[in-house]
Amino acid sequence: MSSCIDFSIKVLVADDFATMRKIVRNILKQIGFEDIVEAEDGTTALQILKNEKIGLVVTDWNMPNMSGLELLQHIRKNPDTAKVPVLMVTAEGLKENVLEAVKAGVNNYVVKPFTAEVLQEKIEAIFRKLAAA
Amino acid sequence: MGEAARSLEQTGLRAREGKYLTFVLAQEEFGLEILKVREIIGMLEITAIPQTPEYVKGVINLRGRVIPVIDLRLKFGLPPLEYGERTCIIVVDVNSGQGLMQMGVVVDAVSEVLNVGAEDLEPPPNFGRGLNNSYILGIAKTKGSIKILLDIDRVLSAAELLGLEALGS
Amino acid sequence: MSDERPQPIPWAENLERLALKAVMLSTDDLPALGAFLQELEDLKSQLEASPLPEADTLVAELLTVTNRLVLQEIPAAVQALELLGQGVALLQHLAAGRPPQEVPEEWQTYRRLAAELLGAPPPETAGAAPAQAAPGGAVFEDPELVANFLTEAAEHLEGIETRLVHLEQHPDDLEAVNAIFRPFHTIKGVAGFLHLEQIQAAGHELESLLEKVRSGRQQVTPELVDVILFGVDLLREMLTDLQEALAASRPLRTFDLGPLEARIAAVTDTPSSRPRLGEILVQDGELSPGEVEAALRHQQEEEPGRPLGEILVEQGKVAPQKVARALVQQLSEAKTGEAAPAAIKVDLAKLDTLVNLMGELVIVQSQVRQNPVVLTAADQKLVRDLGQMSRITTELQKISMSLRMVPIGATLRRMVRLVRDLSHKTGKLVHLELEGEDTEIDRNMVEAIYDPLVHLVRNAVDHGLEPPEERQAAGKPPEGRLVLRAYHKGGNVILDIEDDGRGLNRAAILAKARERGLVGPGELTPSQIDHLIFEPGFSTAAQVTEVSGRGVGMDVVKQTVESLRGKIDIVTRPGAGTRFSLRLPLTLAIIDGLVVRLGAERYILPTVAVRETLRPAREDCFTVEGKGELIRVRQLLLPLVRLHRLLGLAGAGPDPWDSLVLVVEHEGEARAFLVDEILGKQEVVIKSLGQLLQNRPGLAGGTILGDGRVGLILDVGGLFALAG
């Protein structure tokens, strides 16, 4: 099942809350990813995307200055990053956010709090689709 | 000199050692404690305040704050001088006895910042004329010239302000 | 039929792309669904521009289904995809000019699918949660993570408090709402991962409350701010408990979330108090309360999500028409409920514009009245009407100015929390009393006095009031009393901060002031000593306490108050207490002024005092023995005040008939002020002239004019007094 995920890619975790970044990092490690970078806001995330080869972005919706949605829009707008898969972390009860993100081209979303299994499932779905395309 | 220094110590005037901003008024050199000086600005347009003594030139807009400006020449009874390129307003913090307030004083020109040691200091002599003795912290004799060190709090003191009140009403 | 086809259809191309995307859809391909959704929305907006019967509803339904699909609210995803495909095909029929009756079977299929999928509304909240719940294992119960969380959460809570203060002042600042929402959201999120159920639950309550604010369903009110602060406190307690539990390896305390929930319900209840269907049916006598209860239980246990009305009809308890009528009633009552508020919110900028325009209206009407045609008009009715108009204009202007006035209560109430916090921190017992909460003050003033007020309250608790033991030893009740009192007096707002503490320690103040070189060795009156605490950098606290030692001194308080054209006073009695009195002008620091020229200088007269401007005829100017110069303004003889002379300016000024006269009113009296010319009308910000010049008779202050120079604002009352 996990065959479609390439665990050698670099994953970018964007969240303004350091504890949250650590949690997501732990879960990603548990799934099998090893190369993980963090950004505390959208602007930093874009900077990292510009300088490093990122294989997956896991971003929070709620961030000051540049929200996850805006980050996503920036990623999609730039031809260099347009194809980078983006997984949006959101909270239950915020349906409008999910719809906005989906319209803006998010690859998948996950609702907090999530388990390693759920996150793995979502990431697998992303890469399965990408492989099929 | 040694005797003078000792007498300074005795009268507690050693506290008057320190840095002074010196400036010119009618060819004479004066000094202000540097700690009192907020900034030095060029001439600004002054709005006159009615019914105030001649030496209260009025008020200026200092970055949105309205502060009064005093012409030191006129305050000391010296002949007026038309304001020119070298004319400056020294913005000082004055302790009026009711709190600190900012005021501007107009001087002919600003000279330098001078380090005055106790050995350069002499107690104020008796001037007579317009220059009230109590305005003076001391006389500094450096580099062959004499500077009159002003007690700006006194120059613009509460008593002076009361004088203003009396004149105004 | 065919020649009536609406051709070409503007959205044909869009529809083509939609059809293509429909083919590509699969339930687990979010990007594809997203693209489809985008196309649908484009189509929807195009349809709004050029409507086509049936198509609008169809697109709306397709949007609903797609949205639910994205949100995983539709279990039968394959059916949903079928419906989307079918729907797009129908759209193509419609676009080609084929109405439903031409392709009845396809519509039937679609309607059947739609009825199955859209018939029952999706369960409201249950949606995403079950699939994600139950995070397993102790992977995250990592003390380091919890420690991180503690620090970060505490920081965020502090940030929330500061932002709330701002939000209360700017209830429309959406970014501020977001900035408060975000930390709650994150705290809740992280707590979820760390299995901190109670923190998560509290965070969730507050997040949901703020989500309502974000979406405009809930207004920012002082009550709302109070509730959020209450929540912040609760979270803080929980965090403290967590920290202690972590250190002592003990289980977490159980907190009661009931009070928080109740308070949230209390603030959110008002707007959405829509009567429930069951209640209406019971009121109408259609059902007994027991029947409704039974049906509700059935709904909850057997068919969650199914409307109550349907269940009742199916159970044969009530006729469908009755349900329909009750539903209509429910909606209309909800609507009237929403329309009820007696106050509306107005943009402050609009209000300022209104006040400005009123000022201009006053000027224009006085110009009209000075018009020679009007002045020589013999028509008594015209003269009377103009007089009436002038009175109305003045009244209007006063009212429009008063619109900017708000009760000071909200500001005072914000001290409640501060006092409580201070009481906790210092261990002193404080009973806070608020008086005169209805006292009105200019809105701009309210913001400006907040900081000084906070400082004075801090000061009163920290330095003024004694610890309980000390109070008891002094024969006082252990609980200290702090009064915040606001009232109007002589055109000012007085704000008292009064405590029954130990009073100022004059000996200590004097000693400190001497030590700091603030005063010489001479004698000072008690009042002078008291005022020393306003000296820059002065602090009597033996040690800088956590509470008051924030680097802002009483000098700043005094400066702020003075910059508002206010005054601060102290009355203190050793052992009995201290009262700080702020005397603040009622009106704002901004006034509407007429800029007039007197000699070389420009002066500003408050527009509100100016009744009219006129250029008198020579025969209307008199000099009367013992009364001085008089000007006849219609039937009235008004004393002429030569401002040049009154203010001691050079020259006597021009003659009135060569110049302009302003009819100025003060406390029911009128005078004719002679000026050189009127330069214009503008809103000016009043600035203090500083200690040295602030009490000049006839001057209210200064202002910075457009060219950066200072203009002097005239004090009408003072000028009247000077003129005698």
Side-chain angles (χ1 to χ4, degrees), chain A residues 15-27 29-30 60-65 67 72 76 83 85-119 121-122 124-126 128-130 132-133, chain C residues 26 28-38 40-41 66-68 70-73 124-125 127-129 131-137 139-140 142 144-153 156 175 178-179 181-183 185-195 200 204 207-208 211 215:
Chain A
D15 197 310
D16 58 315
F17 218 65
T19 319
M20 197 62 216
R21 289 199 298 271
K22 219 170 251 185
I23 290 172
V24 176
R25 175 191 278 271
N26 285 354
I27 299 183
K29 281 206 166 148
Q30 213 189 337
D60 189 39
W61 172 276
N62 257 286
M63 288 188 290
N65 305 327
S67 71
L72 171 64
R76 289 291 175 259
K83 294 252 182 290
V86 178
L87 178 73
M88 186 78 71
V89 178
T90 175
E92 53 164 311
L94 301 174
K95 297 178 184 173
E96 291 79 13
N97 291 359
V98 170
L99 292 174
E100 284 297 314
V102 167
K103 273 186 275 177
V106 82
N107 294 72
N108 217 325
Y109 69 95
V110 62
V111 178
K112 283 190 277 194
F114 48 82
T115 60
E117 291 74 39
V118 171
L119 189 68
E121 223 173 83
K122 298 276 180 181
E124 265 165 15
I126 291 178
R128 203 163 48 237
K129 275 289 143 198
L130 287 179
Chain C
S26 78
D28 60 347
D29 188 353
L30 270 185
L33 277 170
F36 183 75
L37 199 53
Q38 192 72 61
L40 261 181
E41 288 198 344
T66 316
N67 283 349
R68 289 198 195 160
V70 168
L71 298 169
Q72 299 176 329
E73 288 174 349
E124 254 313 310
T125 46
Q132 325 271 353
V139 193
F140 309 117
D142 171 349
E144 196 197 316
L145 263 186
V146 176
N148 279 346
F149 170 66
L150 279 168
T151 330
E152 226 177 345
H156 276 79
E175 191 35 53
N178 275 333
F181 169 85
R182 213 177 290 125
H185 172 83
T186 315
I187 288 172
K188 169 195 141 181
V190 176
F193 281 107
L194 298 174
H195 305 303
Q200 188 188 4
H204 177 73
E207 180 198 17
S208 314
E211 173 56 27
S215 59

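Lettering of chains follows the sequences in order, A, B, ..., and the numbering in each one begins at 1. Note: hydrogens, waters and symmetry copies are ignored here, and every other heavy atom, side chains too, is used.
Here the closest non-hydrogen pair linking A:Met20 and C:Gly189 is SD-C, 4.5 Å. Across all their heavy atoms, C:Leu37 and A:Leu99 have their closest contact at CD2-CD2, 4.0 Å. When all heavy atoms of C:Glu152 and A:Asp16 are compared, the pair lying nearest together is OE2-O, 3.8 Å. Closest approach of A:Pro113 to C:Gly192, counting heavy atoms only: CB-C, 3.7 Å.
Using a 4.5 Å cut-off between heavy atoms, C:Phe181 touches chain A through its side chain atoms alone. Neither the backbone nor the side chain of C:Glu175 has a heavy atom closer than 4.5 Å to any heavy atom of chain A.
In terms of modelled atom types and a separation under 3.5 Å, the side chain of A:Tyr109 and the main chain of C:Val70 share a donor-acceptor contact.
Contact check for C:Ile187 versus A:Phe17: side-chain heavy atoms found under the 4.5 Å cut-off. Using a 4.5 Å heavy-atom threshold, the side chains of C:His185 and A:Trp61 count as separate. Between C:Leu145 and A:Thr19 the shortest side-chain heavy-atom distance falls below 4.5 Å.
Considering only heavy-atom pairs separated by less than 4.5 Å from chain C, the leading option among A:Val102, A:Val106, A:Asn62 is A:Asn62. Interface check for chain C: of the options A:Asp60, A:Asn107, A:Val98, the most heavy-atom pairs under 4.5 Å are formed by A:Asn107.
Note that CG of C:Asn67 is 7.0 Å distant from NZ of A:Lys103, once rounded to the nearest 0.5 Å. Once rounded to the nearest 0.5 Å, the distance linking CD1 of A:Ile23 with CG of C:Leu194 reads 4.5 Å.
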